[in-house]
Amino acid sequence: MSQQLEDASFLTSKLDEAIGWARKYSIFQYPFVTACCGMEYMAAACSHYDFDRFGAGLPRFSPRQADVLFVVGTISHKMAPVLLRIYEQMADPKWVVAFGVCTCTGGFYDNYATVMGIDTIMPVDIYIPGCPPRPEYVLDGLMKLQEKIQAQHSKAGQQKA
Amino acid sequence: MMTNADLTALLKERCPDAVRAAHSWRGDQTARINRESLVKVARTLKEDPAFQMDFLMDVTAVDYLTFGQRPPRAFFPSSGVDVAPAPEIPADTPWPGGPEKERFVVVYHFYSSSLRHRIRLHVPVEEKAAELDSLTSLWPAANWLEREVWDMYGIRFKGHPNLKRILMYEEFIGHPLRKDYPVNQRQPLAGPGAVKRSATPSAPAAHSKGSGDLETREMLLNVGPAHPAMHGIIRLVLKLQGERVKEVDVEIGYLHRGFEKMAEVVDYNGVMPYTDRLNYVSPLINNMGYSMAVEKLLGLNVPERCHYIRVIMSEISRLSDHLTCVGASAMELGAFSVFLYLIKAREFLWELVEMVTGARLTISYCRVGGVKGDLPEDFEDRCQKALEETKKVLKEADALLTRNRIFVDRMSGTGVISAQEAIAYGITGPFLRASGTPYDVRKDCPYSVYDRFDFDVPVGAKGDNLDRYYVRMEEMRQSIRIIEAALKTIPPGPVLVDPETGRPMAAAEMVDSAKIGDIPVIARAVAVTDPTLGGSARPQHLGIAVEEKRVVLPPKEDTYGNIEGLMRHFKLVMQGHGVRPPKGESYFPVEGANGELGFYVVSDGSECAYRVRVRPPCFAIMSALPRLLTGDMLADVVPTFGSVNMIGGELDR
Ligand code: SF4
């Protein structure tokens, strides 16, 4: 009996890992591009640095079809409700990447107009600092996100989470 | 040719009871007029053959509430660190354009494209009756500009067709650019402490009324603020009849991040990084415009070599801007490979920019009175290579687009605007030139060393999207021409040699000499400190920055090498010191990638600018967008919007 159980859990955990593997290499991102960081986002997505090598090549402009929300650029208070609505429309499981200092902490726009970090209004999985982050940073952030996705599908990762 | 007529005297003659005072400072002519006569004066300026001011370039305001009493400077207002009040600035000779008994002064900038002269109007308004007559009947350009003044300062405009907030949201209470509005007082709409928001986010009133709309054949279509075809964030509400656009409402301000307010709380050089993020596709042009405005205020002229460096870097910026614009609009019409090619070329240019400035995009390369470092040793070769690559890419793009039936068909005949109308909207740059008016700040009001280069100003004939594409393509070729010419003729900067041995000396070596007491070496030699930038290993102060000690930071070699340099550095970076232009104001236009990019700076003699206003070129174009789209088909919205080259940072600041 106990042997059977163990076999079953071995199978499900293997299956789970496989799902994690599949998920991490088929990222459909929603680029929420607002400002200067968008230029580096473009550079990272285009042929020179090529996001596609990491299975994240296809941006989806419908939040319903996306699973990773890239928040790229300053979020003002005027924009915040829109961003929140897009986040809410995304189906689970979903991840959020804060791209650039503005989205991480508010950056140096410490004034009446801007949100001081998007984590004040929504959960964030990966922070990519830099103003704007170099494409290499972006790729690094992307790989970290993939690790995180994979870890969420392994026993150790689940216990941690 | 530029006329040097005394415009203010002439204005006094034409409208004797309107002009309260007039002065000319640093070459800018200013008339201060009574607010009752604003429309009359404006009409005179527009229609009188001696003025012929066809452009209303800018409308803004200055709040003189705290002029001369230095506001506490705080780099990070939210950190809660108290900044001790600095001593009062001694009242020096009063500047004639300074404050009066009224709290606000509304500032108008006019330009005449035929006579090539400018005039500035000051219209003082009291706080209690903060109202002026609107100029919308004379220039449609006034529409958005006046809305912004209302939004930021709470000054009303009588007769304005639609005076509502433009950059901030409806729920916002107060006017952020007033001096008594704290810089970090937030009014969030989402998250903790959110203010209540009406159910439909600021639906334009003109369109939302009447449920009867459903009965008719018209349809409302909402595009944005987050939409794939809108690169940048902006909201269009289109009223459609079938496929035809009948009415358009444009809502902007989603990227408003308080540039002008931030510029009042940091020192003059501290504004530089914020200027990078205005038009973030061509940050160097913004850098240059801002530093030249401050230099005008200071009465400084930078060395030749610095001018050349700035010109070269500006043209590289213009190239990368046009590449992005053409690429993005091609992509939106389905030509994705063109986009990839053009971004590839941009990558070559950015590597070049990175080599010079240390960063790819947000570069902060200029300083008041100079630039951060000299060009690196092998710049010329690498630049030439990058330009060759760019030329190749331009050829490819040309082949892929100019003979592309789909592209040409969708671009031609759409988004048409005549030159006259474009001018009335205050449109400048490639957009205006495509309509046939060759106004280019580099040619018409030459600044820096642009008058030394041979280049053509391409103009279009029809003023449609296709013409704008042609103009941008040709401008890139002309920019390459300017860069090549500038590289050939750039005057050499002095080469650093040790007067004794003829070789540069490393910093560590110098410190060692100091330790063993070999002082004379330090006195005479210039050490080379660890360069963080290719070009900063060269002696900066001699060739590329002005000699004025109260303005330019000494090169690092001096800062670390002798006590005078250290003191000078210290004095400039310490709070309460720094660059301090005399009381006054200046407006400096440069040719941005989208048109006339003007910086208007007011100084009260302290180390923070009292007011920094930027005239964003794409603001004017965006204000004409309803006019451009109306009457076209729905599918034409995309190419027309693409040809505007809207840059959020510049538009919303
Ligand atoms: S992090 Fe920097 S580059 Fe990115 S959006 Fe903010 S200001 Fe722009």
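Since this is a predicted model, take the numbers as computed values, not measurements. Reminder, nothing fancy here: chain letters follow the sequence lines and each chain counts from 1.
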Original post:
Under 3.5 Å, side chain of A:Ser76 to main-chain N/O of B:His256, donor-acceptor pair present?
Top reply: no
**OP:** Counting only heavy atoms closer than 4.5 Å, note whether B:Pro283 contacts chain A via side chain, backbone, both or neither.
**Re:** neither
**OP:** Could you have a look at A:Thr114, A:Ile75, A:Ile86 and say which one has the most heavy-atom pairs with chain B under 4.5 angstrom?
**Re:** A:Thr114
**OP:** Identify the heavy atoms of A:Ala35 and B:Leu255 that sit nearest to each other, and give their distance.
**Re:** CB-CD2, 3.6 Å
**OP:** Determine, stepwise, if the pair B:Tyr169 / A:His77 fulfils side chain to side chain contact (heavy atoms under 4.5 Å, CB included).
**Re:** CA-CA 9 Å; B:Tyr169 31 94; A:His77 286 304; 3.3 Å; yes
**OP:** Inspect the surroundings of OH in A:Tyr137 and state if more than 12 heavy atoms from other residues, nucleotides or ligands are less than 6.0 Å away.
**Re:** no
Original post:
How close do B:Leu361 and A:Glu40 get, heavy atom to heavy atom, and via which atoms?
Top reply: CD2-CG, 3.9 Å
**OP:** Would you check if the distance from the ring center of A:Tyr109 to the ring center of B:Phe259 is below 6.0 Å?
**Re:** no
**OP:** State the CZ-CE distance between B:Arg360 and A:Met39, to the nearest 0.5 angstrom.
**Re:** 12.0 Å
**OP:** Could you look at B:Ile343 and say if it's the side chain, the backbone, both or neither that has a heavy atom under 4.5 Å from chain A?
**Re:** side chain
Subject >> Toward chain A, the part of B:Leu167 with a non-hydrogen atom under 4.5 Å >> reply: backbone
Original post:
So which part of A:Leu83 gets closer than 4.5 Å to some heavy atom of chain B, the side chain, the backbone, both or neither?
Top reply: neither
Original post:
Do A:Thr74 and B:Arg257 have side-chain N/O donor and acceptor atoms under 3.5 Å apart?
Top reply: yes
Subject >> Over all atoms of both residues, closest heavy-atom pair of B:Glu354 and A:Arg134 >> reply: OE2-NH1, 2.6 Å
Original post:
Hey, does the side chain of B:Arg277 reach the backbone of A:Cys36 with a donor-acceptor pair shorter than 3.5 angstrom?
Top reply: no
Original post:
Can you tell me how far the NZ atom of B:Lys261 sits from the CG atom of A:Asp110, to the nearest 0.5 Å?
Top reply: 13.0 Å
Original post:
Is there a donor-acceptor pair closer than 3.5 Å between any side-chain N or O of A:Lys78 and the backbone N or O of B:Ile252?
Top reply: yes
Subject >> Considering all heavy atoms, the nearest B:Gly258-A:Ala113 contact >> reply: N-CB, 4.1 Å
**OP:** Look up atom CE in A:Met79 and atom CG in B:Asp652, then write down how far apart they are to the nearest 0.5 Å.
**Re:** 10.0 Å
**OP:** Name the region of B:Tyr181, side chain, backbone, both or neither, that has any atom closer than 4.5 Å to a heavy atom of chain A.
**Re:** side chain
Original post:
What's the spacing between B:Tyr274 OH and A:Phe108 CZ if we round to 0.5 Å?
Top reply: 5.0 Å
